[in-house]
2 protein chains.
Amino acid sequence: MSESPATASYAEFSRRLKPRMAELLAALFQENRGSIRVKKEKVAVKNLEKIFAAALALGQTKGFHAMSLRELSRASGLSMGALYSYFSSKEELRGHILRFGVRLASEAVEAEAKRYSRPAEQLAGAIRAHLFLSEALRPWFYFAYMEARNLPAKEREQAMANERRTEAVFVRILREGKKRGAFRLPEVELTAAAIKALLQDWYLKRWKYGQAGLGVEEYAAFVVNFVLGAIRARPKEWGK
Amino acid sequence: MSESPATASYAEFSRRLKPRMAELLAALFQENRGSIRVKKEKVAVKNLEKIFAAALALGQTKGFHAMSLRELSRASGLSMGALYSYFSSKEELRGHILRFGVRLASEAVEAEAKRYSRPAEQLAGAIRAHLFLSEALRPWFYFAYMEARNLPAKEREQAMANERRTEAVFVRILREGKKRGAFRLPEVELTAAAIKALLQDWYLKRWKYGQAGLGVEEYAAFVVNFVLGAIRARPKEWGK
DNA sequence: GTCTATAGTGCGATAGAC
DNA sequence: GTCTATCGCACTATAGAC
C-alpha cells in the first residue's frame with residue numbers, strides 16, 4: 001500500500017519474478033507426478049525447464065503445431081523417448097506450458113495491483129505492471145496468444161475469460177477515476193479494450209520495437225501518456 | 001479531393017469494394033494461367049473463389065498449416081485432384097491468397113487517401129478507411145496476420161514492409177498535423193504504431209466486439225475520438 | 001532415466017480413368 | 001476438367017535395450 005511515485009523499475013520487477021518461476025516449475029512437477037515418469041525432482045525440473053524453453057522458442061518462430069517433436073528433441077537435447085517421460089502427448093505438453101504461464105502471470109498481476117490510491121497512478125501502475133510482465137515472459141505471452149485458437153473448446157473459453165479478466169482490472173480503475181472526476185471518457189469498456197490492445201502490441205510486434213531500439217520502460221511511459229491524454233487526465237489532475 | 005465531413009459509410013465503402021474483388025480474382029487467374037491447368041476463365045474463377053473462401057474459413061479456426069488438403073477438398077466441394085489443377089503445392093495456394101489480399105487492400109487504401117486536407121479529418125478518414133477495409137476483408141486480414149510468421153524469409157520481410165507502409169500513412173498525417181499546430185504529440189512513430197494496434201484489434205478480437213454487439217462504425221468513432229484525444233486535438237482545433 | 005528403432009497413421013502430391 | 005486410387009514420406013507415439 002506504499003505510495004511511491006511509480007511501479008518499480010523493470011529491473012526490479014524482473015528480479016522479483018525470477019525465483020517464483022523456479023518455484024512454480026517445481027510445483028508443476030509435484031502436481032503432475034502421476035503423468036511424469038521421471039521421479040527425481042532435481043532431474044525432472046531441470047529437463048522440464050529445457051523442454052519448455054525449447055518449445056517456446058520453436059513455437060515462437062513456426063507455431064506449436066508446425067513444430068515437430070523431432071525438432072523439440074534436437075532443440076531440448078532430449079531424445080524422443082525421454083520427452084515422452086515428461087508428457088503423454090504433444091497436446092498435454094501445450095497444456096503444461098499454458099497452465100504454467102497462466103499461474104505465473106496471474107500471481108504477478110495480483111501482487112502489483114492496489115499499490116496506489118490515486119486513479120491516474122493506479123492506471124499507470126497497472127499498465128507498467130502488465131508491460132513488465134509480458135516483457136519478462138515474452139516468449140510465453142506470444143505463445144499463449146498464438147495458440148489460443150488451437151485450444152480445445154473448454155480451454156479456449158478459459159483463455160477468453162482470462163482476456164476479459166485483465167480488462168476488468170482496467171475497467172475498475174477507469175470507472176473509479178471517472179467517478180472521482182479525474183478522467184473524462186464516455187466508453188469505459190472500449191477504453192479498457194484499447195489499453196489491452198496497446199499492451200499486447202508490445203509482445204506481438206517485438207521485432208518492430210526492437211529494431212527501433214525501444215525498451216519496455218520507454219514504451220510503458222509512452223502508453224501511459226497516450227492513454228492519460230485520451231481520457232483527458234491532465235498532469236494537474238492526477239492527484240485528485 | 002472532395003471535402004465531405006467524413007469518409008463514406010461502411011455500407012458504401014463495402015459496395016464500392018465488391019466489384020473490385022471479382023476483377024482481381026480474374027486478374028489473378030490471367031496472371032497464373034501458366035500454373036493453373038484449368039483454361040476456361042469462368043470455371044476457374046468460380047472455383048478459385050470457392051477454394052479461397054474455404055481456405056480462409058479453415059485457416060481462421062485452425063490455421064493454414066493445421067488445415068489438411070483433404071479438409072479443404074471437402075469444404076470447397078472439389079476433389080484433391082481438382083484442387084491441384086489450381087495450385088501446384090499447398091504453399092503456392094497460401095501465396096495466391098496472400099497476394100490477392102495485398103493487392104485488394106493496397107488499392108482500396110490508396111483510393112481513400114488524400115480525400116481531405118485538414119489534419120484531423122485526414123486522420124479520421126484514414127482510420128475509418130482502414131477499419132472498413134479490414135471489416136470487409138476480415139477473414140483475409142486475420143489470415144494474413146496469423147500466417148505472416150510462417151512465410152518464407154523473403155515474403156515475411158515483405159509482410160513487415162507492408163506493416164511499415166501502413167504506419168507511414170499515419171506518420172505522414174501526424175507529422176503534418178503537428179507542423180500545422182493541430183496536434184500536440186511528442187512521439188510520432190510510436191503514436192502511429194499505437195493507432196495501428198487499435199486498428200488491428202478490430203479483426204483480431206472480433207469475438208469480443210461481436211459479443212458486445214458493436215459495429216465497425218461505432219468502433220471507428222471510438223478510435224477516432226480516443227486518438228484525437230490522446231494527441232490533444234480539440235474539436236475547435238479540427239479546422240486548423 | 002535415457003536411448004535407438006520402429007509401428008501405425010495421416011499427410012501432400014500424383015497418375016490415370018472417365 | 002474432375003474424379004478415385006495410391007505412392008512415398010514425415011509425423012506422433014511406443015517398445016525394448018542399456
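Convention: sequence-line order gives letters A, B, ...; per-chain numbering from 1. Only heavy atoms go into these numbers, but all of them, side chains included; no hydrogens, no water, no symmetry mates. Keep in mind that this is a model prediction, so the values were computed, not measured.
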Original post:
Counting only heavy atoms not in B:Q60, do more than 12 sit closer than 6.0 Å to its CD atom?
Top reply: yes
Original post:
Taking all non-hydrogen atoms of both residues, which atom of B:R20 and which atom of B:L104 are closest, and how far apart?
Top reply: CB-CD1, 4.1 Å
**OP:** Starting from P on C:dG8, measure out to CE on A:M80 and report it in whole angstrom.
**Re:** 16 Å
Original post:
Between C:dG10 atom C1' and B:L72 atom CG, what is the distance in whole Å?
Top reply: 16 Å
Subject >> Protein-nucleotide distance (B:K90, atom NZ; C:dC11, atom C1'), rounded to Å >> reply: 9 Å
Original post:
Phosphate oxygens OP1/OP2 of C:dT4: is one of them under 4.0 Å from a side-chain N or O of A:S79?
Top reply: no
**OP:** Compare side-chain N and O positions of B:Y84 against OP1 and OP2 of C:dT14 and report whether any pair is under 4.0 Å apart.
**Re:** no
**OP:** For the residue pair B:Y10 and B:F13, categorise the inter-ring angle as parallel (less than 30°), tilted (30 to 60°) or perpendicular (more than 60°).
**Re:** parallel
Original post:
What integer distance in Å separates B:E92:CD from C:dT14:P?
Top reply: 11 Å
**OP:** Quickly work out the B:R70 CZ to C:dC11 P distance and round it to whole Å.
**Re:** 6 Å
**OP:** Return yes when atom NZ of A:K40 has more than 12 non-hydrogen atoms of other residues, nucleotides or ligands closer than 6.0 Å, and no otherwise.
**Re:** no
**OP:** Look at all strands and tell whether A:S85 reaches a base, only sugar-phosphate, or nothing, counting heavy atoms closer than 4.0 Å.
**Re:** base
Original post:
Earliest and latest nucleotide of DNA chain D, 5' to 3', sitting under 4.0 Å from a non-hydrogen atom of chain A?
Top reply: D:dC11 to D:dT14
Considering only distance and modelled atom types, tabulate donor-acceptor pairs under 3.5 Å from the side chains of residues 134-141 of chain A, sequence neighbours left out.
residue	atom	partner	partner atom	Å
A:S134	OG	A:H130	O	3.4
A:S134	OG	A:L131	O	3.0
A:E135	OE1	A:W202	NE1	2.8
A:E135	OE1	A:R206	NH1	2.9
A:E135	OE2	A:R206	NH1	3.4
A:W140	NE1	A:I97	O	3.0

**OP:** Would you classify B:Y86 as touching base, sugar-phosphate or nothing, given that sugar-phosphate means primed atoms plus P, OP1 and OP2, and contacts are heavy atoms under 4.0 Å?
**Re:** sugar-phosphate
**OP:** Grab the CG-C1' distance between B:L83 and C:dC11 for me, whole Å please.
**Re:** 14 Å
Original post:
Going by atom types only, do B:Y209 and B:D201 share a side-chain donor-acceptor pair under 3.5 Å?
Top reply: yes
